[in-house]
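Sequence lines set the chain letters: A, B, ... in the order given, protein chains first and strands last, and positions in each chain run from 1.
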Amino acid sequence: MPKQAPEERKSNFDEVALGYSEEQALAEASRCLGCKNPRCVKGCPVGVDIPGFIGLVKERRYVEAARRIKETNSLPAVCGRVCPQESQCQMSCVLGVKGQPVAIGRLERYAADYERSSGAQGPARTTRGGGRVAVVGSGPSGLTVAAELQKKGHQADVYESLHAAGGVLMYGIPEFRLPKDIVQAEIEYVKGLGVNLHLDSTVGRLLTVGELLRAGYDAVFIGSGAGLPHFLRVPGENLKGVYSANEFLIRTNLMKAYRFPEYRTPITVGRSVAVIGGGNVAMDSARCALRLGGEKVYIVYRRGKGELPARLEEAENAEEEGVEFMYQTNPVRFIGDDRGYVTRMECVRMELGEPDASGRRSPSPIKGSEFLLDVDTVIVAIGQSPNPIIQQTTDGLEATRWGTIVVDEETMATSISGVYAGGDVVSGAATVISAMGAGKAAAASIHNYIEKRGQSAT
Amino acid sequence: MYQVTEKRDVPPNIKMFKVRAPAVSRKAAPGQFVIVRTDERGERIPITIAGAEPEEDTVTVYFAEVGASTRDLGRLGEGDGILNFSGPLGNAIPVKGYGEVLCVAGGVFQGVNLYLAKALRGEGNRVTCVQVAKGMDHLFLVDEAREACDESYAVVDDDEGGGLKGLVARLLDEKKMSRVFTFGPVPMQRAVAELASARGVPSSVNLYPVMVDGTGMCGACRVTVGGATRFACIDGPEFDGASVDFDELTSRLRYYTPQEKIAMVLNERGVI
């Protein structure tokens, strides 16, 4: 797929991957064998009819192809861009055994983008008559639950804490990887199904889960995400210039700090930037830092290249743009100047031992290998846990000691009757599509729950 | 949109807004805050709630025009809409029977302090209130404080709390205070907390570090309390005054001072 050249793109926030031309899409679609027993579909957490939509692309029926995807996935333009297809649908593709699998994600993106730019109207609102469901959070899981319930004839009301809907799609993933007007267009589609969206509404503060149930909702879905950033807990971490990745990305993406002062939210990026961590969030942070003027941007990761949790494609994009990778390195402390701004970071080299619980070789510090690195900005991207507000304000809601909500893995039901949960608040930080898969499962069981309740009431 | 239903100017640079936000007005409690965004380009500005009038569907806030964002907000007039008004956020201060309490507020926080003082008095506490301002003509809500509290004092002082310290020390020595509550500039809150600690009186300080989302997501508002990092937005804003690392807090509050100065100048000249 064509991309902006690294030299050019590292100084703008425009989308990096430019998408297929029609010829490219047709050529790629023609490779699909249209298997009778498609293994790719089994690899998709929401079960998109992949051979079906690719068949429509082959016939140049692009709008219908997009509609086919939307029967099971309400956010195709998002998923076509940010799903890790290489470890899901495409990993199962028969063609992948001897060569390249069909580029399913790119075709999904092509169909979704075609439909959006053609201005084709989405389906009409579905008829009412079902139950009422409150959905907490408008990220990937919440939007999926709301859309699916709406399609089943229920009324879904989404409560979002921030001033924009989309959750991590808006505040976390950068514009150059997922343009925000595309996210908003897919949210408009979900609203078009009849979903009510309430912004500025922090559940747990403005309304509690108990109050939502007492207000007459038949069920509540909690999809509040993994918003609480982890820190390293080393000296100097509260110096100015040390950001959590969440803060750095919220300022950049949601608040558009790259357009300060026209947009009023400031951000500081010095010459030398160290991003701590090796996941997709670390890659996003590093690539934002480059675009915000960082001259030297390092990824500092405690394990080796083979253990990077980020998608290979994202690590490659970062490397192409000039991000430098420091493997088997870990910060020990941060050192500041007399005004309290970070100036240096003491690191230690790590050696890799036996595999740990995660199956990856566990890192341990090499004594005497400490060294200093000059840094003006540090971005800590070592993970997030669930936001605690809802767990703290909901009596009887069972949670683990990591703060994740306990659910029945099949039904996504929590310890409270009528209350369901899914996405990162259950799994801990994971992917957009796995949250959508959880949302789909939750919508199915909420539907059953409401139907059963209706029967027992009559 | 959230409509400004009433606006008042308070010298030297403070604005009072009553804002129509029915759901927030029903839930707000002393010590909590809202996050306000004036328009599409606006910052998320945390502002402490100074009153809620559920019968009128409104929430009262006071804010000082100290930067481009607060000036943008201050330009709105009665009838205008604020784009976002999210809250109530943060933990409410526990309002219960403490006995004899002292409520000390500096600068823009007089309304916030009175909101708490009234609630505490409603629970049967004997409330002494101290209002601090930089000049005589900067004192406001003085009559309201006299009416709402058992005793009230208004003093002129700088941020360091020189003259204030004498008054607070005397009140703490004369009366057996069960607790001191304080709102205002960090040096002032610190001075009050230290006077209380020296006399073994528990103090509650209310901290507003730099915030973005206000819901625990970004960690910009981290403060060190009792040696551990806490988030003011979800663990506070109220903390034990004896345990806060005020030096770190002061430093972190100055994080964006250079950027704020640039934005302020451009804003004044009408460039942004």
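- Most heavy-atom pairs under 4.5 Å with chain B: of the set A:Thr265, A:Leu228, A:Asn238, this distinction falls to A:Asn238.
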With side-chain contact (heavy atoms from CB on, under 4.5 Å) as the criterion, how do B:Asp213 and A:Met255 come out once you've worked through the C-alpha distance, each side chain's angles and the decisive distance to 0.1 Å? CA-CA 10 Å; B:Asp213 63 285; A:Met255 307 311 295; over 6 Å; no
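- Counting only distance, with no hydrogens or angles, the side chain of B:Tyr255 and the backbone of A:Tyr341 share no donor-acceptor pair below 3.5 Å.
- Scanning all heavy atoms of the two residues, the minimum distance from A:Pro266 to B:Glu43 falls at CD-OE2, 3.8 Å.
- Neither the backbone nor the side chain of B:Val271 comes within less than 4.5 Å of any heavy atom in chain A.
- Of the atoms belonging to B:Cys221, not a single heavy atom falls under 4.5 Å from chain A.
- Between the side chain of A:Asp200 and the main chain of B:Asn84, no donor-acceptor pair closer than 3.5 Å is present.
- Proximity to chain B involves both the backbone and the side chain of A:Ser161, based on heavy atoms less than 4.5 angstrom apart.
- In this structure a side-chain-to-backbone donor-acceptor pair under 3.5 Å is missing from B:Arg254 to A:Gly340.
- With contacts defined as side-chain heavy-atom distances shorter than 4.5 Å, the pair A:Val242/B:Arg222 qualifies.
- Under the 4.5 Å side-chain criterion, counting only non-hydrogen atoms from C-beta, B:Leu83 is not in contact with A:His163.
- Environment of CG in A:Asp181: crowded, with over 12 heavy atoms of neighbouring residues, nucleotides or ligands closer than 6.0 Å.
- By the 4.0 Å N-to-carboxylate-O rule, A:Glu211 lies close enough to B:Lys27 to be salt-bridged with it.
- The heavy-atom pair separating A:Phe260 from B:Gln259 by the smallest distance is CZ-O, 3.5 Å.
- Contact count against chain A (heavy-atom pairs under 4.5 Å) is highest for B:Thr229 among B:Leu266, B:Asp247, B:Thr229.
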Apply side-chain contact (heavy atoms from CB on, under 4.5 Å) to A:Arg264 and B:Asp72, showing your working. CA-CA 10 Å; A:Arg264 299 288 192 268; B:Asp72 289 342; 2.7 Å; yes
side-chain contact (heavy atoms from CB on, under 4.5 Å), that's the test. Do A:Arg205 and B:Thr215 meet it? Break it down for me. CA-CA 10 Å; A:Arg205 298 281 192 218; B:Thr215 63; over 6 Å; no
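- For B:Arg37, the part sitting under 4.5 Å from any heavy atom of chain A is the side chain, from C-beta outward, and nothing else.
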